[in-house]
Amino acid sequence: MTVSVTNLVTEQSPAWLCVSMTLDEYLKKHELTDAEFARQSGINLRKIVGDWRRGTRRPDAENMRKILVYTSGRVTPNDFILSKDMIQRYLGQ
């Protein structure tokens, strides 16, 4: 049986799962550059935001807290662990 990623979110899913998105998706949706996001969220290094967006680095605990607060919980630590592409690969899609 193949499970679609879109089918994983149901009415019974926790609220955070329904609104969760990657940092890249969040910044695109809100039309923010890496520099604007870094400045507004209190993160000191603009370059590191780009690394997080590309998945080449993960935020440390303090910066993850800033991201979580700034995005009102829409970007969570889990979003840096398993990307949608990774989930699709694990599900064989």
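Residues: numbered from 1 along the sequence shown.
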In the structure I gave you, are the side-chain heavy atoms of Lys66 and Asn63 within less than 4.5 Å of one another anywhere?
yes
Taking side chain as C-beta onward, heavy atoms only, is Ile67 less than 4.5 Å from Ile43?
yes
What residue pairs, at least two apart or across chains, pass salt bridge (charged side-chain N to carboxylate O under 4.0 Å, His left out) with a residue in residues 27-36?
Asp24-Lys28, Asp34-Arg53
Write down the atom of Thr22, the atom of Asp79, and the distance for their closest heavy-atom approach.
CA-CB, 4.4 Å
Inter-residue atom distance Leu27.CG - Leu32.CG, 0.5 Å rounding
5.5 Å
According to ring-ring contact (aromatic ring centres under 6.0 Å, His included), does anything in residues 33-53 pair up with another residue at least two apart or in another chain? List the pairs.
Phe37-Tyr70
Can you name the salt bridge (charged side-chain N to carboxylate O under 4.0 Å, His left out) partners of Arg65, sequence neighbours left out?
Glu62
Run Val49 and Leu23 through side-chain contact (heavy atoms from CB on, under 4.5 Å) and show every step you take.
CA-CA 9 Å; Val49 174; Leu23 181 60; 4.3 Å; yes
Sequence neighbours excluded, which residues qualify as side-chain contact (heavy atoms from CB on, under 4.5 Å) partners of Ser72?
Arg74
